[in-house]
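Computed from a predicted structure; not experimentally measured.
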Amino acid sequence: MTSIEVRRARTSDIPVIQALVEPLAARRILLGKDRVTLYEAVQEFRIAEVDGVAVGCGALHVMWEDLGEVRTLAVRDDHLGTGVGHAILDRIEADARDLGLSRLFCLTFETDFFGRHGFEPIGEKVVDPEVFAQLALSPDEGVAEFLDLARVKQNTLGNTRMLKHL
């Protein structure tokens, strides 16, 4: 059994992250991200390595005092089913707990994977109206997707909004 190491991303990992995401974006599984956006969020990313080679990535984006989002979880096709995604998600959940978050959100086509990890589909009202009003002020597209705002519907078609209580 090969061990999987999950570590913080560095700026030098951004081309690797982009290479992991691009095939999934081409298949419309993930939204593509510009390189500048990835650099701006590098501190949110974790990299999974097997034998020193990056084979997966994922990010944790804090949305509110108790709520974070799992973003850009990507695993190379040749490492699917080997525990890489699980290891990344475990690290993201540990990071979320360290930050004091109690809920994690994801917007995904991979409902079986996230379901096996305790995520459940959610409806529209997962925050109270006051928090909704504050979150609606965010320019972040992921927050808009979480809120299910009309302006991002084209990005979310076919995706399932899921939540896990930590």
Is there a side-chain contact (heavy atoms from CB on, under 4.5 Å) between Tyr39 and Thr11 once you walk through the steps? CA-CA 7 Å; Tyr39 278 116; Thr11 56; 4.1 Å; yes
Please step through side-chain hydrogen bond (donor to acceptor under 3.5 Å, both in side chains) for the pair Glu44 and His61, ending with a clear verdict. CA-CA 6 Å; Glu44 298 179 355; His61 181 78; 2.8 Å; yes
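Each of Val70 and Leu38 belongs to its own hydrophobic cluster when Ile, Leu, Val, Met, Phe, Trp and Tyr are linked at side-chain heavy-atom distances under 4.5 angstrom. Under a hydrophobic clustering in which Ile, Leu, Val, Met, Phe, Trp and Tyr are joined whenever their side-chain heavy atoms come within less than 4.5 Å, directly or via other members, Leu80 and Phe114 fall into the same cluster. Leu31 and Leu24 fall into different hydrophobic clusters, where Ile, Leu, Val, Met, Phe, Trp and Tyr are joined by side-chain heavy atoms under 4.5 Å apart, directly or via other members. Both Phe119 and Val62 belong to a common hydrophobic cluster when Ile, Leu, Val, Met, Phe, Trp and Tyr are linked at side-chain heavy-atom distances under 4.5 angstrom. By the rule that hydrophobic residues join a cluster once side-chain heavy atoms approach within less than 4.5 Å of another member, Leu163 and Leu107 end up as members of one cluster.
A 4.5 Å side-chain heavy-atom check between Thr160 and Phe109 finds every atom pair outside the cut-off. A 4.5 Å side-chain heavy-atom check between Arg103 and Leu166 finds every atom pair outside the cut-off. When side chains are defined from C-beta on, Val21 counts as touching Thr72, because their heavy atoms get closer than 4.5 Å. Within the 4.5 Å cutoff, the side chain of His79 has heavy atoms near those of the Val50 side chain.
The distance from the CD atom of Gln43 to the CG atom of Leu60 is 10.5 Å, given to the nearest 0.5 Å. Atoms CG and NE2, on Leu101 and His165 in that order, are 13.0 Å from each other to the nearest 0.5 Å. Put simply, CD1 on Ile122 and CE on Met162 are 9.5 Å apart, with the number rounded to the nearest 0.5 Å. Residue Leu73 holds its CG atom at 8.0 Å from CG of Leu30, rounded to the nearest 0.5 Å.
Among residues two or more places apart in sequence or in another chain, the ring pair (Phe, Tyr, Trp, His ring centres under 6.0 Å) test is passed with Phe45 by none. Applying the side chain to side chain contact (heavy atoms under 4.5 Å, CB included) criterion to Arg7, with sequence neighbours excluded, gives Glu5, Arg10, Asp13, Ile47, Glu49. The side chain to side chain contact (heavy atoms under 4.5 Å, CB included) test applied to Asp78 returns Arg76, not counting sequence neighbours. Legend: residues meeting side chain to side chain contact (heavy atoms under 4.5 Å, CB included) with Arg116, ordered by chain and number and at least two apart, are Asp112, Phe113. Under the side-chain hydrogen bond (donor to acceptor under 3.5 Å, both in side chains) criterion, Glu110 pairs with no residue, sequence neighbours left out.
Other members of the cluster containing Val16 are Leu20, with ILVMFWY side chains joined at under 4.5 Å, either directly or via other members.
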Distance-only donor-acceptor pairs under 3.5 Å for side chains of residues 51-59, two or more places apart:
none

Report all side-chain donor-acceptor pairs from residues 88-98 shorter than 3.5 Å, counting only partners two or more places apart or in another chain.
unit_1 : atom_1 : unit_2 : atom_2 : d
Asp90  : OD2    : His86  : NE2    : 3.0
Arg91  : NE     : Asp95  : OD1    : 3.2
Arg91  : NH1    : Val6   : O      : 2.9
Glu93  : OE1    : Lys164 : NZ     : 2.9
Glu93  : OE2    : Lys164 : NZ     : 2.9
Asp95  : OD2    : Arg46  : NE     : 2.7
Asp95  : OD2    : Arg46  : NH2    : 3.1

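Minimum interatomic distance between Ala19 and Pro23 (heavy atoms only, all atoms of both residues): O-CD, 3.0 Å.
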